[in-house]
Amino acid sequence: MAQVKFFGEAVPLEMHKVRIVQKLNLLPIDQRHKALSVAGNNTFLLQNADVFLDMLTDSGVNAMSDQQLAAMMVADDAYAGSATYTRLDAKLREIFGTDYFLPAHQGRACEHILAKVLVTPGSVVAMNYHFTTTKAHITLQGGVIEELVADVGLEVNSTLPFKGDIDVAKLEAVIKKYGADKIAFVRVESGTNLIGGQPVSLQNMTELRKVCSHYGIPYVLDASLLADNLYFNKTREDSCKNLSIREITRKVADLFDVIYFSARKLGCARGGGICIRDKELYLKMRGLVPLYEGFLTYGGMSVREMEAMVVGLDETMDEDMISQGPLFIAAMVNDLDRRGIPVITPPGGLGCHLDAKRFVDHLPQSQYPAGALAAALYLVSGIRGMERGTLSEQREPDGREVFANMELVRLALPRRVFTLSQVKYAVDRIAWLHENRKLIGGLEFIEEPAILRFFYGLLKPVSDWQDKLVAKFRADFGDSL
Ligand SMILES: *Cc1c(COP(=O)(O)O)cnc(C)c1O
């Protein structure tokens, strides 16, 4: 990383410049209110044209480099045997040192294939924490998941550097409870998605490898958010301080039997893939790719995406590139934290996470506090965040609500997309909302789908609280947007 010291206030300094821009809309609050109602108070259902800063996700919306765009122009279009595929295959071997690669159209497609091959009814997948699509694919095959993140990982505020680490004693206990042959695989998500982008240490991954080897359990890395994790390994872990990002990547990769990723995140492109060491396992998975994804040399991706991925993966090995996200996130988290606004600490990857349990502590979990806070934030700022709390859970088969461990509003900072002034605008509006938090009320379902309800569910406010919030905004800001 370019080490730049400041004479005055230190700021996260970008090591790139912007050469293509997209015009943004900031609608007046009345129009935002209307758009929110039409979207059923579900930020997933807002139209992007109605959104000012889209902090919903980092998926497929990271900025690409000039080199990526250029590579897309020379992609080799062929149904079979495309040179683009050969370049991608070679790049993954180079970076991860794995022998086999299977392409898939995105991260969840990799999870589908993995679950189909490794999960059977009654089998268990042990992991630090679930991701929505991961859990859905495992349960669809009749498996169950065990979440083994160390207890501190679920504490909102901490100074521990690696809150995504698995508690090795918990893993041993789960293996004892079910028997090693029932454990389909151990999955490390690095970094974590639903618990605040918190990273996993190389040391923890190494300890888990020993347990997996001892019991003969396949060891799987979900590398979708690996870029941020590598930055934290480098900056927070002594054993990585003097290693290059490329060297750390290889140390991580060498531990795992299978590595899969969403290229909508890793490599700032689109698509995904699975890297495998064992030939037999590779052949089993290979049979499913043409069935669900596409022929083996494209797997549901366009060759342009694959070319962008080749370059993006290579650029991910540059600390200047992967540091932008974590540095901007840290600036946002630290600013909010200084103002006494509840956020997950320490700052992680992916984005800034508001702690709705404390932000709107007057709301019961049955009224979806994180969903309500995400709706309120859009209303007062045009910023779209994502609910990551009880709404994102699934009901028990008997209809009981599963209350999430954490009620978070995730404000993703897609990589290299927003400027510091936009981050400061977000902080300003969040601070105003925090001052007026007692005006925020709960939400209830109008329409609740059975699977992945957070994507399509329609909700409404339980009272006229949104009218009151709009009135207070008008009183304080007048006709300002
Ligand atoms: C996004 C994500 C996935 C799923 O990837 P998609 O490309 O969105 O299907 C899986 N695991 C993690 C950790 C993710 O962040």
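Both counts, for ligands and for their atoms, begin at 1 and track the order of listing. Along the sequence shown, residues are numbered consecutively beginning with 1. In what follows, every heavy atom counts, from backbone to side chain, and hydrogens, waters and symmetry copies are set aside. Just so it is clear, the structure is predicted and the values come from calculations on it, not from any experiment.
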For ligand 1, list every N/O pair with the protein closer than 3.5 Å, one pair per line with the distance.
from, atom 1, to, atom 2, distance (Å)
ligand 1, 7 (O), Gln106, NE2, 3.4
ligand 1, 7 (O), Gly107, N, 2.9
ligand 1, 7 (O), Ser262, OG, 2.6
ligand 1, 8 (O), Gln106, NE2, 3.4
ligand 1, 8 (O), Arg108, NH2, 2.9
ligand 1, 9 (O), Gln106, NE2, 2.8
ligand 1, 9 (O), Gly107, N, 3.3
ligand 1, 9 (O), Arg108, N, 2.8
ligand 1, 9 (O), Arg108, NE, 2.6
ligand 1, 9 (O), Arg108, NH2, 3.4
ligand 1, 11 (N), Asp222, OD2, 2.6
ligand 1, 15 (O), Asn193, ND2, 2.9
ligand 1, 15 (O), Lys265, NZ, 2.8

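Among residue pairs with one or both ends in residues 250-271, those qualifying as ring-ring contact (aromatic ring centres under 6.0 Å, His included) are Tyr219-Phe256; sequence neighbours excluded.
Ion pairing of Glu14 with Arg416 is absent here, as no side-chain N (NZ or NE/NH1/NH2) approaches a carboxylate O to less than 4.0 Å.
Residues satisfying the side-chain hydrogen bond (donor to acceptor under 3.5 Å, both in side chains) test with Thr316, not counting sequence neighbours, are none. By the side-chain hydrogen bond (donor to acceptor under 3.5 Å, both in side chains) test, Glu94 pairs with Lys91, Arg246, sequence neighbours left out.
A heavy-atom distance below 4.5 Å is found between the side chains of Met309 and Leu88.
Here the rule is salt bridge (Lys or Arg N to Asp or Glu O under 4.0 Å) with Glu146, and of Lys177, Lys170, Arg187, Lys182 only Lys177 fits it.
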